[in-house]
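See below for the structure under consideration.
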There are 2 protein chains.
Amino acid sequence: MYIHEKSLRTIIDALRKKGYKATPQRIAICKYVLQDTTHPSAKIVYQRVRKEYPTISLATVYQTLKVLKELNLIQELPFSKRETRFDPNVNPHINMVCLKCGKIVDINFPEADSLLKQISESTRFRITGQRIDIYGFCEVCGQFSISIAKNKEKML
Amino acid sequence: MYIHEKSLRTIIDALRKKGYKATPQRIAICKYVLQDTTHPSAKIVYQRVRKEYPTISLATVYQTLKVLKELNLIQELPFSKRETRFDPNVNPHINMVCLKCGKIVDINFPEADSLLKQISESTRFRITGQRIDIYGFCEVCGQFSISIAKNKEKML
DNA sequence: AAACTATTTAAGAATTATTATTACCTAATA
DNA sequence: TATTAGGTAATAATAATTCTTAAATAGTTT
């Protein structure tokens with residue numbers, strides 16, 4: 001289940017449970033980011049939330065994203081080219097990352113659970129999260145770039 | 001096979017094949033980074049290579065790391081906290097990433113090949129690379145942090 | 001409901017990893 | 001050896017993220 005299917009009440013409770021105040025700014029950011037499955041950057045979140053909450057500041061967006069990460073409601077996905085994107089899907093899954101257009105699409109990876117379980121049992125490493133990316137060119141970009149794209153043309 | 005098992009000759013040929021000159025700076029950086037399996041940051045590479053080649057500049061390190069990435073001899077692993085680390089293992093594998101001390105250890109993941117093949121055959125996505133991270137606390141750090149570490153205490 | 005207080009916000013400054021610029025320099029080649 | 005396209009070192013520029021601070025407010029207490 002995606003957290004964004006949960007009610008506003010649940011979001012507020014999650015914040016308060018950890019001692020965070022449920023401010024209207026935070027609620028606006030949460031509502032936006034928990035339902036955007038395109039893996040937006042902080043700047044995109046800022047631009048989108050501003051439509052609903054025009055006085056919000058970029059610093060508040062950053063700090064709320066940090067809180068949401070701490071609450072394990074979103075995952076942070078740093079990429080090269082100085083861009084970090086945010087994913088409301090915190091369950092094990094595969095991110096299909098297009099290096100040309102920057103599109104990121106989640107696909108299921110049911111085998112992840114048993115893989116993590118096996119590693120957990122065979123090592124002394126205490127697992128708290130994971131990230132599985134597959135890089136390449138999406139169906140739209142793939143046909144235009146027969147050879148591997150030069151760095152300049154890459155978004156991620 | 002790791003590329004760092006290859007000879008100096010092979011490194012030079014790989015550079016020239018793509019039209020890059022085999023300068024002593026590049027060779028020094030290659031020799032270092034292709035044998036360091038601790039996933040060093042650019043700054044660490046700079047500090048280490050400087051011992052062998054004291055006049056080298058940080059900009060050259062960055063630009064050579066970019067070349068090595070283009071030649072697919074290393075993989076770039078961006079993390080939060082503004083740190084990017086570099087991995088000479090470009091074959092599918094799992095990075096076990098300790099969030100407390102920042103240690104990254106590769107483990108094998110033989111099932112990766114069939115997974116990638118299956119995705120390749122069932123989608124129109126053209127795969128060029130992958131990244132599989134497992135986050136948590138290594139055997140050394142795990143015993144000291146029963147609860148999930150606060151953000152301030154995390155290295156990655 | 002008003003007061004209280006620790007937290008949060010907005011704005012802007014600071015930080016810093018990475019990239020760009022530029023004036024020499026040199027590897028590869030003829 | 002001369003030529004030259006590309007590389008280097010030094011440093012400036014860029015930009016994502018974090019920090020700082022004064023004013024505001026959420027949650028609680030009276």
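First the proteins, then the strands, lettered A, B, ... as listed; each starts at 1.
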Every protein N/O within reach of nucleotides 15-17 of chain D N/O, cut-off under 3.5 Å:
unit_1: dA16(D); atom_1: O3'; unit_2: Arg82(A); atom_2: O; d: 3.3
unit_1: dT17(D); atom_1: OP1; unit_2: Thr84(A); atom_2: OG1; d: 2.8
unit_1: dT17(D); atom_1: OP2; unit_2: Tyr62(A); atom_2: OH; d: 2.4
unit_1: dT17(D); atom_1: O5'; unit_2: Tyr62(A); atom_2: OH; d: 3.4
unit_1: dT17(D); atom_1: O2; unit_2: Arg82(B); atom_2: NH2; d: 2.9

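For Arg85(B) and Tyr53(A), each mapped to the nucleotide of DNA chain C holding its nearest heavy atom, the one lying further toward the 5' end belongs to Tyr53(A).
Scored by the side chain to side chain donor-acceptor pair (under 3.5 Å) test, Gln130(A) finds no partners at all (sequence neighbours excluded). For Lys117(A), the side chain to side chain contact (heavy atoms under 4.5 Å, CB included) criterion is met by Glu121(A), not counting sequence neighbours. When the side chain to side chain contact (heavy atoms under 4.5 Å, CB included) test is applied to Lys18(B), the partners found at least two apart in sequence or on another chain are Tyr20(B), Leu71(B). The side chain to side chain donor-acceptor pair (under 3.5 Å) test applied to Ser57(A) returns Thr60(A), not counting sequence neighbours. Evaluation of the side chain to side chain donor-acceptor pair (under 3.5 Å) rule for Arg82(B) yields no partner, not counting sequence neighbours. Taking Ser120(B) as the reference, nothing meets the side chain to side chain donor-acceptor pair (under 3.5 Å) condition, with sequence neighbours excluded. For Glu52(A), the side chain to side chain contact (heavy atoms under 4.5 Å, CB included) criterion is met by no residue, not counting sequence neighbours. Scored by the side chain to side chain contact (heavy atoms under 4.5 Å, CB included) test, Ile107(B) finds Ile119(A), Ile94(B), Met96(B) as partners (sequence neighbours excluded). With sequence neighbours left out, the salt bridge (Lys or Arg N to Asp or Glu O under 4.0 Å) criterion links Asp13(A) to Arg9(A).
Distance Arg26(B) CZ to dC25(C) P: 18 Å, rounded to the nearest Å. A straight line from CG of Leu15(B) to C1' of dA28(C) spans 14 Å, rounded to a whole angstrom.
Across its full length, the helix from dA1(C)-dT30(D) to dA30(C)-dT1(D) shows an angle of 40° between the axes of its 5 terminal pairs at either end, rounded to 10 degrees.
Counting non-hydrogen atoms under 4.0 angstrom, Thr55(B) reaches the backbone sugars and phosphates but no base.
Figure legend: cation-pi geometry between Arg26(B) and Tyr32(B) absent, as NZ or CZ is not positioned both under 6.0 Å from the six-membered ring centre and within 45° of its axis.
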Margin query: Please encode protein proximity along nucleotides 20-30 of chain D as a string of B, S and -, counting only heavy-atom distances under 4.0 Å.
Written below: ------BS---
